Amino acid sequence: AELDNPHRRYPTAIVAGTNGKGSTCAMLASILERSGYRTGLYISPHLVRVNERMCVDGVEVSDQDFAAAFTEVSAAVERLISAGKLEKRPSFFEFLTATAFLHFAQAGAQFVVLEVGMGGRLDATNVTEPRVAIITNIDFDHMEFLGETLATIAAEKAGIIKPHNMVISGVEDQVAAAVIRR
């Protein structure tokens, strides 16, 4: 809100799951770009440079644009902390997600594809109202945070599903698929 809700300035698709999130995001972004949309893509983790996480039409955010958006987010965080509206600084992932949302708005993105960092329900990317929620296959991952069974992990990942929005799922395990359907 302090940044004027940049994540609401463009439609989104959000992708959660254990395996295949990155590939699914890349394919969807490519389809959207070829369909004429100015497309943002947010992925994690990065391999070499943090800039890899934020692309518009397949081009990584420049150092200058990244620094400008990051500085603006940092200033907003400081204002919120000073005003007592935020008790602690956001996590690294939350900081980068806010930076990406702002960069995509400033770059004029017409559609943004978001890869969930971990889980889904409580992930920083999950503040959007996506046009479509995509859940790739689910397996045991981040069990210390998401739970010890495929059903509990699936429930966390299903947290990206919003009422009355489209859902696409490639979940193969019957128990996890039942959680997604529910």
Side-chain angles (χ1 to χ4, degrees), residues 1-17 21-22 25 29 32 37-134 141-147 152-153 155-165:
E2 185 72 14
L3 296 167
D4 198 25
N5 297 305
H7 60 290
R8 293 185 182 159
R9 296 185 205 164
Y10 38 75
T12 62
I14 189 167
V15 181
K21 293 186 311 254
C25 287
L32 289 163
Y37 290 93
R38 184 160 174 77
T39 304
L41 173 62
Y42 181 59
I43 60 169
S44 68
H46 60 275
L47 299 176
V48 179
R49 294 170 14 105
V50 71
N51 304 53
E52 298 167 24
R53 293 180 183 229
M54 303 166 212
C55 297
V56 174
D57 289 341
V59 178
E60 290 178 9
V61 60
S62 69
D63 290 342
Q64 182 178 356
D65 288 345
F66 177 83
F70 189 87
T71 299
E72 197 169 334
V73 170
S74 182
V77 167
E78 293 307 319
R79 286 192 303 273
L80 291 168
I81 288 174
S82 293
K85 295 179 181 177
L86 191 62
E87 64 183 56
K88 64 180 184 175
R89 285 176 172 56
S91 69
F92 177 71
F93 184 75
E94 292 166 337
F95 234 108
L96 290 181
T97 302
T99 300
F101 288 152
L102 186 59
H103 169 65
F104 294 140
Q106 292 171 341
Q110 296 170 307
F111 207 108
V112 173
V113 179
L114 303 166
E115 179 181 359
V116 168
M118 180 177 62
R121 181 176 64 91
L122 300 176
D123 194 83
T125 59
N126 198 27
V127 298
T128 66
E129 282 290 328
R131 294 272 176 94
V132 61
I134 302 170
D141 69 328
H142 303 291
M143 294 167 61
E144 65 276 19
F145 300 107
L146 305 180
T152 57
I153 293 169
E156 288 298 318
K157 298 192 186 275
I160 66 168
I161 298 170
K162 303 291 196 290
H164 311 292
N165 286 11

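Note: hydrogens, waters and symmetry copies are ignored here, and every other heavy atom, side chains too, is used. In this text, all values refer to a predicted model and were calculated from it rather than measured experimentally.
- Considering CD1 of I160 and CD1 of I134, their distance stands at 8.0 Å, rounded to 0.5 Å.
- Scanning all heavy atoms of the two residues, the minimum distance from I161 to A133 falls at CA-CB, 4.3 Å.
- Side-chain atoms of K162 and N126, non-hydrogen and from C-beta on, do get closer than 4.5 Å to each other.
- Here the CG-CD1 distance, from L114 to I43, works out to 11.5 Å after rounding to the nearest 0.5 Å.
- In this structure, the side chains of R9 and P6 come closer than 4.5 Å at one or more pairs of heavy atoms.
- Residue I14 holds its CD1 atom at 10.5 Å from CD of E115, rounded to the nearest 0.5 Å.
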Distance-only donor-acceptor hits, side chain of residues 102-110, under 3.5 Å, sequence neighbours excluded:
{"from": "Q106", "atom 1": "NE2", "to": "E72", "atom 2": "OE1", "distance (Å)": "3.1"}
{"from": "Q110", "atom 1": "OE1", "to": "R38", "atom 2": "N", "distance (Å)": "2.6"}

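- The shortest side-chain heavy-atom distance between C25 and Y42 does not fall under the 4.5 Å cut-off.
- Side-chain atoms of H7 and V112, non-hydrogen and from C-beta on, never get closer than 4.5 Å to each other.
- Relative ring orientation between Y37 and F111 is described as perpendicular, the plane-to-plane angle rising above 60° on a 0-90° scale split at 30° and 60°.
- The backbone N or O of P130 sits less than 3.5 Å from a side-chain atom of N165, completing a donor-acceptor pair.
- Within the model, atoms CD of E94 and OG1 of T125 stand 11.0 Å from one another, a figure rounded to the nearest 0.5 Å.
- Between G119 and A16, the shortest heavy-atom distance links the atoms O-CB, 3.8 Å.
- Note: F93 CZ to R53 CZ = 7.0 Å, rounded to the nearest 0.5 Å.
- Separating the CD atom in E156 from the CZ atom in R121 is a distance of 4.0 Å, to the nearest 0.5 Å.
- Here the side chain of K157 pairs no donor or acceptor atom with the backbone of G120 at under 3.5 angstrom.
- When the shell of 6.0 Å around CZ of R79 is examined, it contains more than 12 heavy atoms from other residues, nucleotides or ligands.
- Exactly one of F95, F92, F101 qualifies for a ring-ring contact (aromatic ring centres under 6.0 Å, His included) with F70. That residue is F95.
- Between Y10 and T128, every side-chain heavy-atom pair lies at or beyond the 4.5 Å cut-off.
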